[in-house]
Amino acid sequence: MSSRTQHALDWSPVPTPSDTERVLWGLVTIVLIGDVVTTIVGLHLGLSESNPIARSAIDGWGVVGMLALKAGAVAIAVACRGLVAPTYRSIVPAALAIPWGAAAIVNLYMLSLVV
């Protein structure tokens with residue numbers, strides 16, 4: 001049997017915890033970009049940041065402050081990832097993806113009101 005055939009036989013439709021975690025880290029990247037871009041556009045259109053911590057970072061350092069805040073959150077998540085059992089590690093990127101995804105959706109809604 002060829003290695004390609006063996007690989008096809010070894011494939012399982014049930015994702016492993018590491019597959020799920022990998023997909024969620026990809027989702028974190030997408031929603032992070034969505035949140036940052038929609039925030040920047042909203043600020044340029046006259047909307048304001050509602051998160052007081054993010055507002056302070058943006059007021060003090062602009063977009064760089066917002067990016068530093070996001071990078072800090074990702075760094076903490078990556079550092080904490082090692083404290084979680086491998087089976088449950090997907091909760092770490094989910095804890096970033098869910099609120100950032102919600103923020104991007106709220107931002108899109110707010111943009112739709114002013115455009």
Side-chain angles (χ1 to χ4, degrees):
M1 181 177 329
S2 74
S3 64
R4 176 175 255 171
T5 304
Q6 183 60 43
H7 178 70
L9 292 174
D10 290 340
W11 180 79
S12 170
V14 178
T16 65
S18 65
D19 292 337
T20 303
E21 184 186 7
R22 189 175 309 111
V23 168
L24 285 171
W25 279 114
L27 183 60
V28 166
T29 302
I30 292 166
V31 298
L32 170 63
I33 292 168
D35 182 23
V36 168
V37 169
T38 56
T39 298
I40 292 169
V41 170
L43 292 173
H44 284 292
L45 292 175
L47 297 174
S48 61
E49 174 61 54
S50 61
N51 178 330
I53 297 170
R55 186 179 335 117
S56 177
I58 292 167
D59 288 347
W61 298 284
V63 173
V64 172
M66 178 174 50
L67 294 175
L69 193 63
K70 300 289 186 183
V74 171
I76 290 169
V78 169
C80 290
R81 180 185 174 273
L83 303 174
V84 180
T87 304
Y88 304 107
R89 283 190 180 153
S90 60
I91 193 71
V92 175
L96 292 175
I98 292 169
W100 284 346
I105 290 168
V106 169
N107 288 349
L108 285 171
Y109 173 73
M110 296 304 294
L111 288 172
S112 75
L113 296 177
V114 297
V115 174

Quick one: are L111 and L47 in side-chain contact, heavy atoms under 4.5 Å?
yes
Closest non-hydrogen atom pair between T38 and G34, with its separation:
OG1-O, 2.7 Å
Taking every heavy atom of A104 against every heavy atom of D35, the minimum-distance pair comes out as CB-N, 3.9 Å
Just how far is it from atom CD1 of I105 to atom CE of M110, taken to the nearest 0.5 Å?
14.5 Å
Please test V92 against W25 for side-chain contact (heavy atoms from CB on, under 4.5 Å), starting from the C-alpha separation and ending with a verdict.
CA-CA 9 Å; V92 175; W25 279 114; 4.1 Å; yes
So, for T87 and P17, which heavy atoms are closest and what is the spacing to 0.1 Å?
O-CB, 3.9 Å
Between CD of E49 and CE of M66, what distance do you get to the nearest 0.5 Å?
8.0 Å
Taking all atoms of both residues into account, what is the closest heavy-atom pair of G82 and R89, and its distance?
O-NH2, 4.0 Å
Taking a hydrophobic cluster as the set of Ile, Leu, Val, Met, Phe, Trp and Tyr residues connected by side-chain heavy atoms closer than 4.5 Å, whether directly or through intermediates, do I91 and V78 fall within one such cluster?
yes
Minimum heavy-atom distance A94-P99, with the two atoms named
O-CD, 4.2 Å
Heavy atoms of other groups near I53 CD1, more than 12 under 6.0 Å:
no
Side chains of T20 and V23: does their closest heavy-atom pair fall under 4.5 Å?
no
Shared hydrophobic cluster for I58 and V64 (ILVMFWY, side-chain gaps under 4.5 Å):
no
Do V115 and Y109 belong together in a cluster built from hydrophobic side chains that touch within less than 4.5 Å?
yes
If you measure from CD1 on I33 to CH2 on W100, what distance do you get to the nearest 0.5 Å?
11.0 Å
Between the main-chain N or O of S56 and the side-chain N or O of D59, is there a donor-acceptor pair closer than 3.5 Å?
no
Group every Ile, Leu, Val, Met, Phe, Trp and Tyr by side-chain heavy-atom contacts under 4.5 Å, then state whether L45 and L113 land in the same group.
yes
Go through the steps for I40 and L43 under the test side-chain contact (heavy atoms from CB on, under 4.5 Å), then give the verdict.
CA-CA 5 Å; I40 292 169; L43 292 173; 5.6 Å; no
Here the pair of heavy atoms bringing L69 nearest to A57 is CD2-CB, 4.4 Å
Are V41 and V31 linked, directly or through other ILVMFWY residues, by side chains that come within less than 4.5 angstrom of each other?
no
